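Computed from a prediction, not measured in an experiment: that's the story for all the values here. All chains are named by letter (A, B, ...) in the order of the sequence lines, taking the proteins before the strands, and each is independently numbered beginning at 1. Because only heavy atoms are used, hydrogens play no part in the values below, and waters and symmetry mates are left out as well, while side chains stay in.
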Amino acid sequence: MHPAIRVEQVAEYENQEVSIRGWVYNRTHKGKLVFLLLRDGYGFVQCVAFKNDVDAELFNQLVHIPQESSIIVTGVIRADKRAPGIPGGYELGITQFQIIQAAADDYPMALKEHGVDFAMDNRHFWIRMPSQWAILRIRAMVISAIREWFDQNGFINLDTPILTPAACEGTTTLFETPYFDEGVAFLAQSGQLYNEANIFAFSKVYAFGPTFRAEKSKTRRHLTEFWMFEPEMAFCDLDELMEVGEQSITYIVKRVLNERAPELASLGRDTSQLDTIEPPFPRISYDEAVEMIGKIRDRTEDPEQKELLNFEWGMDFGSPHETALTEEFNKPVFVYGFPTQVKAFYMEPWQGRPEVSKSVDLLAPEGYGEIIGGSERISDPELLLQRLHEHNLPEDAFKWYLELRRFGSVPHSGFGLGVERTVSWICGINHIRETIPFPRTIKRMYP
RNA sequence: UCCUCGAUAGCUCAAUGGGUAGAGCGAGCGGCUGUUAACCGCUAGGUUCCAGGUUCGAGUCCUGGUCGAGGAGCCA
């Protein structure tokens with residue numbers, strides 16, 4: 001009896017007869033020879049039949065099987081350097097095959113380049129193609145790795161609500177939905193405030209889930225629905241937070257390099273850019289960053305680019321600034337100590353410099369931008385209340401949040417890691433929309 | 001909200017100064033024993049995004065609109 005195997009296991013079954021269940025990704029025939037490129041969800045493998053080796057009816061069926069038909073194919077695995085596939089290098093010599101369903105002959109996704117609009121309209125098919133399949137396999141590995149690292153380092157996963165009351169920051173960038181007699185609920189932009197409650201019961205926690213932003217951002221780095229991984233730690237200052245950031249990011253990169261090498265190779269990713277990722281990451285202050293941007297601007301020839309790099313102390317970075325900064329480093333870089341005025345109300349001020357907050361962003365290399373944003377949180381109840389008022393936030397909505405500071409307040413810190421931006425960077429791809437199975441952007445909700 | 005660009009066969013694109021709308025891929029049929037998005041031959045496949053205008057004649061020029069893309073702003 002031959003075992004049913006997964007394509008990723010082919011190397012273990014060399015010279016054995018096996019079955020593989022999957023779909024016809026491509027078919028090509030050359031007279032008395034037919035090749036099927038079969039995908040089974042775990043990889044892509046070439047299957048071959050010679051006309052003289054199989055019966056005439058079977059050969060005829062193979063020659064005519066439509067792309068995307070679901071089949072079970074049986075045969076002997078053999079090593080062959082000519083065999084394409086992921087991982088490739090092995091092929092199956094067909095002895096039997098069974099058609100589960102012969103696909104219709106008008107499958108829309110021809111094996112060629114497609115425009116953005118067409119590819120996105122056919123996202124439900126696009127994810128079958130090797131590039132998208134590889135990216136999403138890497139996404140899953142990134143998520144597994146994040147959870148592994150935090151689970152192994154004393155964190156507990158406690159997820160936070162998606163439906164939240166009016167609160168946090170202004171409501172202009174929140175999606176709202178009717179909520180029974182309460183009026184409206186808002187889709188969460190962050191689980192942070194609830195995370196802060198959780199640390200006083202569990203010390204180190206993380207939340208992982210979707211977040212929603214109704215911003216009209218239309219760039220390669222933005223989605224309206226994206227996934228964020230948010231750790232929060234009691235008894236933790238900004239330096240310790242950065243250590244957690246660099247260690248967890250390094251772990252993620254190493255896991256992907258080890259476990260998803262064929263996928264990275266199929267994407268054409270230059271992994272030499274990732275091999276060097278090791279702690280410590282460079283840490284530069286906002287003040288130093290402003291100075292660096294000024295120098296970069298001074299040596300920039302292109303007047304348009306020069307204009308984009310205009311900057312003065314007190315502004316928040318735009319994409320051009322982040323990109324210019326990260327090009328100076330070959331590792332992710334921490335920028336810390338942003339001006340209080342551009343950051344959220346809950347960030348702890350710098351000791352002796354109240355105009356600066358204990359905040360930090362981690363910028364990915366190669367122009368991929370901010371992948372982590374975090375801070376040490378205000379632990380003093382009086383200061384927190386004052387900041388709420390300064391930001392014109394409703395005190396009663398934050399009653400529970402303020403109460404946290406009255407019963408066992410401690411220095412604490414946390415950050416949010418954007419999963420899609422991290423996957424974009426690791427995969428080296430151009431647009432964030434390819435890093436999530438069904439992206440939601442300002443212009444698209446289908447499929 | 002602003003700037004720029006685009007829409008022609010199922011897909012990716014071409015079409016001289018305004019003069020019969022084409023190619024490759026995909027699909028169907030046939031040929032070929034090592035293909036890598038194979039190759040070769042044949043066949044089918046069109047409301048040129050929509051509405052109006054100019055003209056003997058509009059894919060092409062003009063006006064308005066729709067949809068999409070890239071970027072900026074925005075992104076606690």
Side-chain angles (χ1 to χ4, degrees), chain A residues 25-37 44-53 59 63-64 66-68 80-86 88-89 91 93 103-122 125-126 129-131 167-174 188-190 192-193 211-224 226 228 266 304-305 307-308 310 315-320 322-323 338 340-347 357 359 361 369-370 373-375 377 387-388 391 393 416 418 421 430-431 433 441-444:
Chain A
Y25 175 68
N26 194 13
R27 181 202 69 216
T28 179
H29 52 97
K30 212 177 142 48
K32 293 173 181 162
L33 178 59
V34 62
F35 300 101
L36 301 184
L37 191 56
F44 290 70
V45 68
Q46 175 163 276
C47 305
V48 192
F50 293 94
K51 192 168 189 174
N52 296 337
D53 297 348
F59 190 82
V63 165
H64 292 278
Q67 183 190 2
E68 293 304 316
D80 191 317
K81 283 179 186 163
R82 294 170 297 186
I86 307 172
E91 65 183 19
D105 65 14
D106 56 350
Y107 183 65
M109 284 228 120
L111 305 183
K112 56 176 296 192
E113 290 296 323
H114 295 288
V116 173
D117 200 26
F118 179 83
M120 294 301 296
D121 281 344
N122 289 279
F125 294 134
W126 193 21
M129 297 187 85
S131 61
C168 299
E169 309 87 35
T171 55
T172 53
T173 61
L174 294 169
Q189 280 190 324
S190 162
Q192 182 203 315
L193 303 189
T211 54
F212 305 88
R213 300 207 176 167
E215 294 153 9
K216 295 195 172 179
S217 299
K218 209 166 98 49
T219 81
R220 68 186 67 197
R221 306 187 216 201
H222 289 89
L223 296 170
T224 56
F226 65 98
M228 194 150 69
S266 80
E304 197 176 328
Q305 182 66 15
E307 175 71 24
L308 284 171
N310 270 341
M315 289 165 60
D316 204 356
F317 297 136
S319 315
E322 286 182 358
T323 302
F338 286 83
T340 305
Q341 57 182 357
V342 300
K343 287 292 182 184
F345 73 92
Y346 48 71
M347 293 188 180
S357 62
S359 49
D361 284 357
E370 180 187 343
S375 67
R377 325 301 193 187
R387 284 291 158 79
L388 270 177
H391 284 78
L393 293 167
R421 286 187 183 176
N430 186 46
H431 201 297
R433 64 182 160 227
T441 65
I442 182 170
K443 291 289 185 183
R444 190 176 293 278

Check every atom of [options] against the side chain of [X] and return the nucleotide holding the closest atom.
{"X": "T219(A)", "options": "A69(B), A76(B), A72(B)", "result": "A72(B)"}
{"X": "K30(A)", "options": "G68(B), U1(B), U33(B)", "result": "U33(B)"}
{"X": "H222(A)", "options": "A72(B), C75(B), G34(B)", "result": "C75(B)"}
{"X": "D105(A)", "options": "A37(B), G34(B), A27(B)", "result": "A27(B)"}

Should [X] be listed as having a side-chain N or O under 4.0 Å from OP1 or OP2 of [N]?
{"X": "H431(A)", "N": "A69(B)", "value": "no"}
{"X": "R213(A)", "N": "A76(B)", "value": "yes"}
{"X": "T173(A)", "N": "C74(B)", "value": "no"}

**Prompt:** When you check the gap from the basic side-chain N to the acidic O, do K343(A) and D361(A) get nearer than 4.0 Å?
**Reply:** yes

Taking only the [atom1] atom of each, what is the distance from [N] to [M] in whole angstrom?
{"N": "A21(B)", "M": "C29(B)", "atom1": "C1'", "value": "26 Å"}
{"N": "G19(B)", "M": "C25(B)", "atom1": "C1'", "value": "30 Å"}
{"N": "G45(B)", "M": "U33(B)", "atom1": "P", "value": "33 Å"}
{"N": "U60(B)", "M": "G24(B)", "atom1": "P", "value": "26 Å"}

**Message:** Rounding to an integer number of Å, can you tell me how far Q67(A) CD sits from A27(B) C1'?
**Reply:** 11 Å

**Message:** For the CG atom of D316(A) and the CD atom of E322(A), what is their distance to the nearest 0.5 Å?
**Reply:** 8.0 Å

**Request:** Output the distance between atom CH2 (W126(A)) and atom CE (M120(A)), rounded to the nearest 0.5 Å.
**Result:** 6.0 Å

**Prompt:** Given side chains that start at C-beta, do those of S375(A) and F338(A) come closer than 4.5 Å, heavy atoms only?
**Reply:** no

Please classify the nucleic acid contact of [X] as base, sugar-phosphate, or nothing, using heavy-atom distances under 4.0 Å.
{"X": "R387(A)", "answer": "nothing"}
{"X": "K218(A)", "answer": "base"}
{"X": "H29(A)", "answer": "base"}

**G318(A) vs N52(A), nearer the 5' end of RNA chain B by closest nucleotide** = N52(A)

